[in-house]
Amino acid sequence: MKARASARWWCSDPVSTLSEISAQKCFGGWLKRYQHRSQVLDCDMIFGVFLPPQAKSQPVPALWWLSGLTCTDENFMIKSGAQQRAAELGLAIICPDTSPRGTDLPGEHDTYDFGSGAGFYVNATEQPWAGHYQMYDYVTKELPALVNEQLPVTGEASISGHSMGGHGALICALKNPGAYRSVSAFAPICHPASAPWGIKAFSAYLGEDRNTWAEWDASQLVHHAEEQLPILIDQGDEDEWLGEQLKPGALEQACIATHHPLDLRIREGYDHSYFFVASFLGEHLEHHARALGLIPGNQG
């Protein structure tokens, strides 16, 4: 099914038409939402963009932000407070949705941690999900091609995310050497193949053969990474999901074993919420801005 979905994508015109559905001026730039027809997901999709004021005169690099369970393209833009610092840095932010929309597959809307709002950024191989749930190809191929073609961005990119989206950011970076200048995450699902959220999603999207799950698990992908892009992670020690679902220790051990650079920062007293994300997001934006050449200094 994976090969069929890729063929569908590459045999068609990769760039669809963007339809702007909202625009608000923000810190001298623009916060916009666009709709388009996704060939990869076979449905209409909406994504959010913050374009800093510098984009009015020249293309700018972009940070791709992948959101977590139950989120849409709007959660980060509304809750994070990222726009002011991004405007100062000259950094665009692209926020895809978290799953296909409008497909109404059986059971798709029944639970918060599977189906709608829970695409897990994988390419599903099992029915009925394989026909639509190709979120990995969407966020790494189709949507970047669309954004780079039709919006004022340079094509230079970094990637980050929160929770399920942190998992997505990690696997996108680990599976695509050279595609991103930097990667970071907030409270990512680091070892989904051994976490209840991941086991539930992977069993349905990918099938019961757990050997195939390693392709979508950051703690296992680190062992085969072709590029050792430094990983920055912030994790709250009062996060209710820390032990059972997120498992940063598994990624830490994998990085130690492979000498993969990892800066894992445990934040005392912080939980899983966007209050936590907003507290340290400025440091992540600067981390990516350094890697993208927007401000001087060593990445770290």
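Model, not experiment: these values are computed from the prediction.
Rounding to the nearest 0.5 Å gives a distance of 4.5 Å between SG of Cys190 and CG of Leu251. Taken to the nearest 0.5 Å, the CD atom of Gln39 stands 12.0 Å off from the CG atom of Asp137. Put simply, CE on Met135 and OG on Ser38 are 8.5 Å apart, with the number rounded to the nearest 0.5 Å. In this structure, CD in Glu108 is found 6.5 Å from OG in Ser99, a value given to the nearest 0.5 Å. Expressed to the nearest 0.5 Å, how far CZ of Phe186 lies from OG of Ser279 amounts to 9.0 Å. To the nearest 0.5 angstrom, Asn75 atom CG is 11.0 Å from Leu69 atom CG.
Using a distance-only test at 3.5 Å, with no hydrogens or angles considered, no donor-acceptor pair links the side chain of Asp217 to the main chain of Trp213. In this structure, the side chain of His223 does not engage the main chain of Ala254 through any donor-acceptor pair within 3.5 Å. No donor-acceptor pair under 3.5 Å is formed between the side chain of Asp97 and the backbone N or O of Phe47.
Crowding of Phe275 atom CZ: a count of heavy atoms from other residues, nucleotides or ligands under 6.0 Å not exceeding 12.
Closest heavy-atom contact between Tyr121 and Gly168: CD1-CA, 3.8 Å. Across Pro177 and Leu174, no two heavy atoms sit closer than the pair CD-O, 4.4 Å. What you find for Gln54 and Ala87 is that their closest heavy atoms are NE2-O, 3.0 Å. Scanning all heavy atoms of the two residues, the minimum distance from Phe114 to Ala201 falls at CD1-CA, 3.9 Å. Of all heavy-atom pairs between His260 and Gln228, the closest is CE1-CA, 3.5 Å. Considering every non-hydrogen atom in both Leu91 and Pro61, the closest pair reads CD1-O, 3.7 Å.
Linking Ile, Leu, Val, Met, Phe, Trp and Tyr residues whenever their side-chain heavy atoms come within less than 4.5 Å places Leu66 and Leu146 in a single cluster. Residues Leu41 and Leu105 share a hydrophobic cluster, clusters being chains of Ile/Leu/Val/Met/Phe/Trp/Tyr side chains in contact below 4.5 Å. Criterion: ILVMFWY side-chain heavy atoms under 4.5 Å apart, direct or through other members. Under it, Leu285 and Leu229 are not part of a common hydrophobic cluster. Residues Leu170 and Ile199 share a single hydrophobic cluster, defined by chaining ILVMFWY side chains whose heavy atoms lie under 4.5 Å apart. In this structure, Val277 is a member of the same hydrophobic cluster as Leu31, with clusters built from ILVMFWY side-chain heavy atoms closer than 4.5 Å.
With contacts defined as side-chain heavy-atom distances shorter than 4.5 Å, the pair Pro230/Leu262 does not qualify. At a threshold of 4.5 Å between non-hydrogen side-chain atoms, the residues Val49 and Ile93 do not count as touching. Inter-residue side-chain proximity for Gln83 and Met77 is flagged as met; some heavy-atom pair is nearer than 4.5 Å. At least one side-chain heavy atom of His288 sits less than 4.5 Å from a side-chain heavy atom of Ser184. Between Trp197 and Trp241, the closest side-chain pair of non-hydrogen atoms falls below 4.5 Å. Side-chain contact between Pro152 and Val60 is absent, with no heavy-atom pair separated by less than 4.5 Å. In this structure the side chain of Leu151 reaches within 4.5 angstrom of the side chain of Leu18, judged on heavy atoms. Using a 4.5 Å heavy-atom cutoff, the side chains of Ile231 and Asp263 are not in contact.
Both tests pass for Lys175 against the ring of Trp216: distance under 6.0 Å to the centre and angle within 45° of the axis.
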Assess whether side-chain contact (heavy atoms from CB on, under 4.5 Å) is satisfied between Arg265 and Ile233, documenting all intermediate values. CA-CA 6 Å; Arg265 308 189 297 197; Ile233 292 176; over 6 Å; no
Derivation and outcome, side-chain contact (heavy atoms from CB on, under 4.5 Å), residues Val153 and Val147: CA-CA 8 Å; Val153 295; Val147 166; 3.8 Å; yes
Show, in sequence, the C-alpha distance, side-chain angles and deciding distance for Asp104 and His109, and conclude whether the side chain to side chain donor-acceptor pair (under 3.5 Å) test is met. CA-CA 8 Å; Asp104 293 326; His109 312 307; 2.8 Å; yes
Side chain to side chain donor-acceptor pair (under 3.5 Å) between Ser182 and His287, worked out: CA-CA 8 Å; Ser182 52; His287 167 80; 4.6 Å; no
Would Glu215 and Gln220 count as a side-chain contact (heavy atoms from CB on, under 4.5 Å) here? Give the steps. CA-CA 8 Å; Glu215 183 181 352; Gln220 298 179 68; over 6 Å; no
Full working for side-chain contact (heavy atoms from CB on, under 4.5 Å) between Trp64 and Ser160: CA-CA 6 Å; Trp64 288 77; Ser160 187; over 6 Å; no
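Look at Arg267 and Glu283 and you find a salt bridge, because one of the NZ, NE, NH1 or NH2 atoms lies within 4.0 Å of a carboxylate O, short of that distance. Asp44 and Arg101 are not joined by a salt bridge, as no carboxylate oxygen comes within less than 4.0 angstrom of a charged side-chain nitrogen.
Residues Thr111 and Lys200 bring a donor and an acceptor atom of their side chains to less than 3.5 Å of each other. At a cut-off of 3.5 Å, with distance as the only test, no side-chain donor of Thr98 or Ser67 sits close to an acceptor on the other residue.
The aromatic rings of Phe280 and Tyr270 lie perpendicular to each other, with more than 60° between the two planes, well past the 30° mark. Between His36 and Tyr138, the ring planes lie parallel to each other; the angle is under 30°, not in the 30° to 60° tilted range.
Legend: ring-ring contact (aromatic ring centres under 6.0 Å, His included) pairs involving residues 73-96, not counting sequence neighbours, sorted by first then second residue: Trp65-Phe76. A side chain to side chain donor-acceptor pair (under 3.5 Å) check over residues 25-34, counting only residues at least two apart or in different chains, returns the pairs Glu20-Lys32, Arg33-Asp73.
For His162 and His272, the ring centers sit closer than 6.0 Å to each other. A centroid separation of 6.0 Å or more is found between the aromatic rings of Phe276 and His284. Under the 6.0 Å cut-off for aromatic ring centres, Tyr133 and Tyr205 qualify, their centroids lying closer than that.
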